2 protein chains.
Amino acid sequence: MTVTIKDVAAYAQCSIKTVSRVVNDESYVAEATRLRVQDAINALGYVPNISARRLVQSKSYVICILLHEAGFYQSAVLSKVMDIGYQFDYDILIQSYFPVHSRSKNKLSGLIRERRVDGLVITPPCDVDPFLNELLITSRVPYVQITPLNRTGNIPYVTGDDYQGAYLMTERLILMGHWRIAFLSGPRNHRTSIDRLYGYKAALEMYRVPFDADLVWDSLFNFDGGYNATKLGMAMDNPPTAIFGGSDEAAIGALYALQEMKIPVPQKISVCGFGNLPQSQQTWPGLSTVDHPVEIIVERAVEILLDILANREPASRQIVLPCQLVMRGSAGTKPPN
Amino acid sequence: MTVTIKDVAAYAQCSIKTVSRVVNDESYVAEATRLRVQDAINALGYVPNISARRLVQSKSYVICILLHEAGFYQSAVLSKVMDIGYQFDYDILIQSYFPVHSRSKNKLSGLIRERRVDGLVITPPCDVDPFLNELLITSRVPYVQITPLNRTGNIPYVTGDDYQGAYLMTERLILMGHWRIAFLSGPRNHRTSIDRLYGYKAALEMYRVPFDADLVWDSLFNFDGGYNATKLGMAMDNPPTAIFGGSDEAAIGALYALQEMKIPVPQKISVCGFGNLPQSQQTWPGLSTVDHPVEIIVERAVEILLDILANREPASRQIVLPCQLVMRGSAGTKPPN
DNA sequence: AACATACCTGACAACGTTGTCAATATCTTA
DNA sequence: TAAGATATTGACAACGTTGTCAGGTATGTT
């Protein structure tokens, strides 16, 4: 039924090893032989059996993207992963991971321990899960973290510069006249969230704008969090003239809340986000945000992983990429009192 | 280094075949033997080598989700696929497919012909690509289409009822007093787009609302298309009081355009979409839309595919699921003249 | 007691490829 | 011309599993 390397060898009158050499572009094949084999391959429509190759080489040629819930950020990562997927010899497998499901744990454990995947790309918030970390250590499977919530210097990761990005945006708001700027914070024990908050604080300090702890609003970095925090926060005696969302999702939630409260953006209040997700340019007004270069981040992460898998030493194992401001309609100069 | 079935057999003092039986839960293994083998497996930490199993069974235990560009709809599909992915024995591979890239074609062709995937789930607009269709036919690989742009009765697919959904929404708008309702159309040669247009027309007819061809605006079903069409269309002499976007993306584009033109929604004009994408509840005002039950669609599609792969006859090979209205703030009664 | 039947087990081939190594042919150099 | 280097090829084992089939041992039936 299916054409194997033996059929090709018989057709081309040579050994299977020679066919293998031609298929894998190895040296030491006479030009005439190579052509004869090529013809045989074409004539018979031979395609190598990947399972056999994988067995004998004990490699799966699969890398796995590990995601938690499918939020917008995760979608953005997937978009890029898909875009570049066809450039590699590796196949790309996606796997969700919910630590609460034991089936989910089992699946993941099988994936790694049965060596169905050669390497992993880990997206937040999977990097902070203890079970996964344990599994990664004991199995010794290579992996790279993308924009981890927490990170240590010896694990490969690629991330945007949270501190610098938050600093830039805060600075910009200050230069537009704002001095009461609320910050929509994420979980207080996550590095990403902490770094962004530090960037925010540093800019305030640099421009001698007093820091007000009441302007740091917990948002969990998601839509509902941003919405609720804004509803609550805008009721304070001395509300801010700008809201800087530590994530686009939270900022979009803030936008929604403000619309609901009929507080015009940006006339009465400015809103900014962090992430530059695809939908942040489809809100009204367009969301000013810090571009977290997801595409480059993913590209670099996959590059590092492929280097590791090929036993090449990657140019760098920890990459922090600078962020840029993307100003749209949602941010403007501070309104007169 | 790695523990194989032989090691387990030696430890448990039995043949490799018996270990295989235990691992695969086959009958005809004495209880005592089974326990002895289980102990050996646990003691040695044995995990079967999947590549070997795949080779001997000539199956890959992988299903592939084929996507074109990573739009929001595609992300929604992926989300659900991920959600349910850990329930299967199959691994889930994602692959983008851009017919213009020859590398993309090669990758896909290899994926199928090298039998790296056992089956495919095909998302729009991949289903209308001739190269892919040719490949699917010649390779005989099983596949299911999700909400195909075009479809024939003999190919497995799962989709929402475009006609019925569009009918319902148009009817609702009419009942809210609208009789000049613009329809943001997709490509005119795609079944999905045509069906939604027919549903729209049918409702108009039923309620004796005259059909005006000038109110069918080409939008390509995306944000820019919806935006441009709305900008253009609202400049006409007798503009509509409602815009029904054939897709949420187009409707969100329309919302943006209307905000830009300072035409209040829903006071002056109502806007509705089709799809109920995650972000359609994060727009302001919340987008009224037709819920396309993506989650169920994906679930059913995967069920069908798994049935086919297991040589079970699926309960049904073509499934058309009813749609429901989700009314949010973007639609209201027709304003007085 | 003879025989059928169900249960249990293991030897061995097969899956389709790549790696190792030896054998041969051809070329280069002194 | 001989010796050594280089190019070319193929035989065969190995990868780790599952499928086939034959053989053995209890158990039940006539």
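No experiment lies behind these values; they were computed from the predicted model shown.
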Practice task
Walk me through it: do B:Leu120 and B:Val141 pass the test side chain to side chain contact (heavy atoms under 4.5 Å, CB included)?
Solution key: CA-CA 8 Å; B:Leu120 293 166; B:Val141 62; 4.1 Å; yes
Fill in the blank from the handout: Atom CZ of A:Arg116 and atom P of D:dG16 are separated, to the nearest Å, by 18 Å
Exercise for the section: Verify whether one side chain among A:Lys6 and A:Tyr11 offers a donor that lies under 3.5 Å from an acceptor in the other. Expected result: no
Problem - Main-chain N/O of A:Leu55 paired with A:Ser58 side-chain donor or acceptor, under 3.5 Å - result: no
Fill in the blank from the handout: Expected list for residues 5-27 of chain B near DNA chain D, using heavy atoms below 4.0 Å, is B:Ile5, B:Ile16, B:Lys17, B:Ser20, B:Asn24
Practice task
Measure from the side-chain N and O atoms of A:Gln145 to the backbone N and O of A:Ile122, and report whether any donor-acceptor pair falls under 3.5 Å.
Solution key: no
Practice task
Could you please name the option among C:dT9, C:dT17, D:dG16 that lies closest to any side-chain atom of B:Thr4?
Solution key: D:dG16
Practice task
Check the distance between C:dA25's C1' and A:Tyr28's OH and give it to me in whole angstrom.
Solution key: 14 Å
Problem - Pair B:His68 + B:Tyr97: ring centers closer than 6.0 Å - result: no
Practice task
Could you go through the side chain to side chain contact (heavy atoms under 4.5 Å, CB included) check for B:Leu309 and B:Ile63 one step at a time?
Solution key: CA-CA 10 Å; B:Leu309 291 177; B:Ile63 61 178; 3.8 Å; yes
Problem - Between P of C:dC7 and CZ of B:Arg34, the distance in whole Å - result: 13 Å
Handout entry: Members of residues 36-50 of chain A that approach DNA chain D, where some heavy atom sits under 4.0 Å away
Key = none
Practice task
For A:Ser51, report the nucleic acid contact type (base, sugar-phosphate, nothing); a contact means any heavy atom under 4.0 Å.
Solution key: nothing
Problem - Within residues 54-64 of chain B: residues closer than 4.0 Å to DNA chain C (heavy atoms) - result: B:Leu55, B:Val56
Exercise for the section: With rounding to the nearest 0.5 Å, note down the distance linking CG in B:Asp127 to CG in B:Leu136. Expected result: 10.0 Å
